[in-house]
Amino acid sequence: MTYLFISDLHLSPDHPRLVRGFLALLDEYKNKNTQLYILGDWFNAWIGDDYTAPWLDEIITALQSFSAAGNQIYFQVGNRDFALGQKFLDQFNGTLLPDVFAIEIGQKKFRLEHGDALCTDDVAYQRFRKVIRNPVLLGLIKRTPLSFRQKLANGFRKKSSATKQLKSYDIMDVNAQAVDSVIEHVDYLIHGHTHRPEIHQLQNKQRIVLGDWREDSAWVLELNEQENYQLDFKQWSY
């Protein structure tokens, strides 16, 4: 069994090379009995499971083939695609995971999450996150026309980009106390969001930060049972 962890792909029709990279990854791991975990920000924006487009159809078709080969697909929402639901994943037998998910592999415990909830120093973002992720508000937004949701998503992206330029580098990273509070009962914490790929050693535990995808390469985390559960944290080129 191969366990593959990725995040922060930010796929969109505006960046076809990222899409091609993801399709190449599916092809690379299609015959490796893979459990694929996508830990948020799979898409640069997600306006609802009723959204359709030719570029997305190509991804769905590839995921259907990947799933049909006996592989499994798991997804956690991120701050860009929190509106993505099980309805979309049902098209290729994917599974929507909760915001925090624990798995055990080889007697080691792993905690998986997107990572934005750990950035507690960014108080303004945490307030926004609490409001926009409210199930009632999210349900109301999903009932609005696609055109309105598209404008709303574009507005969120522009505001986010402008706000990031005014914030310090450190305030957008995880808070050490927040990490300590969640890693206590696991051996590994795996997350994305910060776009700062690194393996942090915390005494006898590890915090593994997945990187964001670029135009020609991506950081992927592979865990292979046949290799005594060694973590292979590598830059994968396509």
Between Asp50 and Arg149, does any NZ, NE, NH1 or NH2 come within less than 4.0 Å of an OD or OE carboxylate oxygen?
yes
Which of these passes side chain to side chain contact (heavy atoms under 4.5 Å, CB included) with Leu89: Asp49, Leu84, Ile73, Leu63?
Leu84
Any donor-acceptor N or O pair under 3.5 Å, side chains Gln201, Gln206
yes
Give a yes or no on whether the backbone of Phe43 and the side-chain of Arg80 come within a donor-acceptor separation of less than 3.5 Å.
no
Donor-acceptor contact present, side-chain Asp187 to main-chain Lys109, <3.5 Å
yes
Path from Val100 to Val186 over hydrophobic side-chain contacts below 4.5 Å:
no
Tell me whether the count of non-hydrogen atoms from other residues, nucleotides or ligands lying under 6.0 Å of CD in Gln64 goes above 12.
yes
May I ask you to test the Glu58-Trp55 pair for a side-chain heavy-atom distance under 4.5 Å?
no
State whether the side chain of Asp81 and the backbone N or O of Gly78 hold a donor-acceptor pair below 3.5 Å, judged by distance alone.
yes
Closest heavy-atom pair and its distance - Leu26, Ala62
CD1-CB, 3.9 Å
Strictly under 6.0 Å, is that where the ring centroids of Trp42 and Phe75 end up?
yes
Under the side-chain hydrogen bond (donor to acceptor under 3.5 Å, both in side chains) rule, what do Tyr37 and Gln76 come out as? Steps first, then yes or no, please.
CA-CA 8 Å; Tyr37 291 86; Gln76 284 180 315; over 6 Å; no
Is a side-chain donor-acceptor pair under 3.5 Å present for Asn79 with Asp116?
no
Run the salt bridge (charged side-chain N to carboxylate O under 4.0 Å, His left out) test on Arg20 and Asp216 for me, step by step, so that the C-alpha distance in whole Å, both residues' side-chain angles and the decisive distance to 0.1 Å come before the verdict.
CA-CA 10 Å; Arg20 290 199 298 271; Asp216 60 352; over 6 Å; no
Tell me whether Val131 is reachable from Ile47 by hopping between hydrophobic residues (I, L, V, M, F, W, Y) whose side-chain heavy atoms are closer than 4.5 Å.
yes
Only one of Arg207, His114, Glu113 forms a side chain to side chain donor-acceptor pair (under 3.5 Å) with His191, so which one is it?
Arg207
Side-chain contact, heavy-atom cut-off 4.5 Å: Leu221 with Ile190?
yes
Show me the donor-acceptor pairs, under 3.5 Å and distance only, between side chains in residues 140-148 and residues at least two apart or in other chains.
residue	atom	partner	partner atom	Å
Arg143	NH1	Gly139	O	3.3
Thr144	OG1	Ile141	O	2.5

Can you name the closest pair of heavy atoms from Tyr29 and Glu222 and give their distance?
OH-OE1, 2.6 Å
Going by heavy atoms in the side chains, are Gln35 and Met1 under 4.5 Å from each other?
yes
Answer yes or no: is there a donor N or O on one side and an acceptor on the other, between the side chain of Asn71 and the main chain of Thr34, under 3.5 Å?
yes
Only one of Thr194, Asp212, Asn44 clears side chain to side chain contact (heavy atoms under 4.5 Å, CB included) with Asp8; which?
Asp212
Taking Ser7 for the side chain and Gly40 for the main chain, is one N or O donor matched with an acceptor at less than 3.5 Å?
no
Applying side chain to side chain donor-acceptor pair (under 3.5 Å), can you list everything that pairs with Asp90, at least two apart in sequence or on another chain?
Gln86
